[in-house]
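Contents: one structure, followed by commentary.
Quick caveat: nothing in here was measured; it's all calculated off a predicted structure. So you know, we letter chains A, B, ... as the sequences are listed, proteins then strands, and number each from 1.
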Protein chains: 2
Amino acid sequence: MKKSRNTRQRGVILDILKESGAHPTAEMIYREARRVIPNISLGTVYRNLNCLREQGVVREIRPSDGGSSRFEGLHMPHAHFHCTRCNGLLDIPLPEFLETARFDDVAKIAAISSIDLHVIGSCSNCASPETH
Amino acid sequence: MKKSRNTRQRGVILDILKESGAHPTAEMIYREARRVIPNISLGTVYRNLNCLREQGVVREIRPSDGGSSRFEGLHMPHAHFHCTRCNGLLDIPLPEFLETARFDDVAKIAAISSIDLHVIGSCSNCASPETH
DNA sequence: GTAATTGCAAAAGATTTGCCCCATT
DNA sequence: AATGGGGCAAATCTTTTGCAATTAC
């Protein structure tokens, strides 16, 4: 792994990620970052996200409905709930069962590096519009 | 939902999907389909895959490592194992726990339409190269 | 000083779409 | 005959990359 430098751009991107609970897209991070560094480029945002992902500092989530990738600062293991109506992405607890799952019965699996659980449906806001 | 016609193209695409256990990409399906309908177009493959997906006949899987979508004819509920070395995608059983999971503890979830479980790691072929 | 990083713009890759003709119903 | 679907090519969208200038170390 290459030596990594502490650029202002990288710091700002990380801060945005840490402070946002919204699982922003690269584009959203870009717009946010421009408020601090007006001439930061989208390419830089992508390059930094990739770099941070490789360092394990950031996780990339590819929504099953085909939109752009969304990113989050890495905290505890958790699963995601994706509302197909408002397109919201929400952290939810990872069932304990999965934290220790072995999948020993599947001979083809030699080693597990990570487990992604995505629950798709509609959130309570979208399901009960009268509460808006 | 629009009325759907039985075109030769759609039939061939479905057959390919049913017969292949490889979770092919649109491009792979296209190449395969051309052996039967030499002038079928890639656009047609995509349009049919979308249409079949909307009908619930086909499932689309977006690999977490960022490549193109992969498709499968819909059978029993199952999870996927993704080998990051050979890029293989494998059906694995869905833990029974998840088949009936309710996630009652997450107030934000109003309704669940589907659950995607992806296990990422390396398969036995890739882990033990001496057995090749 | 050196190598990583940036901004910019062009390129690449995947998927969608407009248009006009053809085929299924 | 009506209209959904097909082929082709152009367009779109997201992400990556080449390059020359800049900056962190």
Notebook entry, point to check: Taking atom C1' of dT17(D) as reference, at what distance in whole Å does atom CG of L42(A) sit?
Noted result: 13 Å
Check: Bend angle of the helix from dG1(C)-dC25(D) to dT25(C)-dA1(D) from five-pair axes at both ends, rounded to 10°?
Finding: 40°
Next item on the list: Measure from CD on E60(A) to P on dT14(D) and round the result to the nearest Å.
Entry: 14 Å
Note to self: Expressed as a whole number of angstroms, how long is the span from L14(B):CG to dG5(D):C1'?
What the structure shows: 15 Å
Notebook entry, point to check: Quick one: D65(B) CG to dG13(C) P, roughly how many Å, whole number?
Noted result: 16 Å
Notebook entry, point to check: Please walk me through it: do S4(A) and R10(A) pass side chain to side chain donor-acceptor pair (under 3.5 Å)?
Noted result: CA-CA 10 Å; S4(A) 153; R10(A) 185 161 307 167; 2.9 Å; yes
Note to self: Using the side chain to side chain contact (heavy atoms under 4.5 Å, CB included) definition, which of the options I29(B), V58(B), V36(B), T7(B) pairs with I13(B)?
What the structure shows: I29(B)
Checklist line | Residue pair H82(A) / S64(A): nearest heavy atoms and the distance that separates them | finding: ND1-OG, 4.3 Å
Check: Atom CD of E27(B) to atom P of dT16(C): distance rounded to whole Å?
Finding: 14 Å
Item checked: Residue-phosphate contact under 4.0 Å: N50(B) side-chain N/O, dT15(C) OP1/OP2 -> no
Next item on the list: Summarise how protein sits on nucleotides 4-12 of chain C as a single string, 5' to 3': B when a protein heavy atom is under 4.0 Å from the base, S for sugar-phosphate-only contact, - for no contact.
Entry: BSBBB----
Notebook entry, point to check: With a 4.5 Å limit on heavy-atom distance, are the side chains of N48(A) and Q9(A) in contact?
Noted result: yes
Check: Any chance the side chains of N50(B) and R47(B) put a donor and an acceptor closer than 3.5 Å?
Finding: no
Next item on the list: Figure out the CZ/C1' separation between R53(A) and dT16(D), and round it to whole Å.
Entry: 12 Å
Item checked: I13(B) CD1 to dG5(D) P, straight-line distance once rounded to whole Å -> 12 Å
Notebook entry, point to check: Can you find a side chain N or O atom of Y46(A) that sits less than 4.0 Å from OP1 or OP2 on dT15(D)?
Noted result: yes
Note to self: Assess whether a salt bridge exists between R59(B) and D116(B), defined as any Lys/Arg side-chain N lying under 4.0 Å from an Asp/Glu carboxylate O.
What the structure shows: yes
Check: Starting at CZ of R34(B) and ending at C1' of dG6(D), how long is that distance when rounded to a whole Å?
Finding: 15 Å
Next item on the list: Kindly say whether the aromatic ring centers of H23(A) and H80(A) come within a distance under 6.0 Å.
Entry: yes
Check: Going hydrophobic residue to hydrophobic residue with side-chain gaps under 4.5 angstrom, can you get from I112(A) over to I61(B)?
Finding: no
Notebook entry, point to check: Hey, does S69(A) reach any base, or is it just sugar-phosphate, or nothing, if we go heavy atoms under 4.0 Å?
Noted result: sugar-phosphate
Notebook entry, point to check: Is there a side-chain contact between P95(A) and L117(A), using heavy atoms and a 4.5 Å cut-off?
Noted result: yes
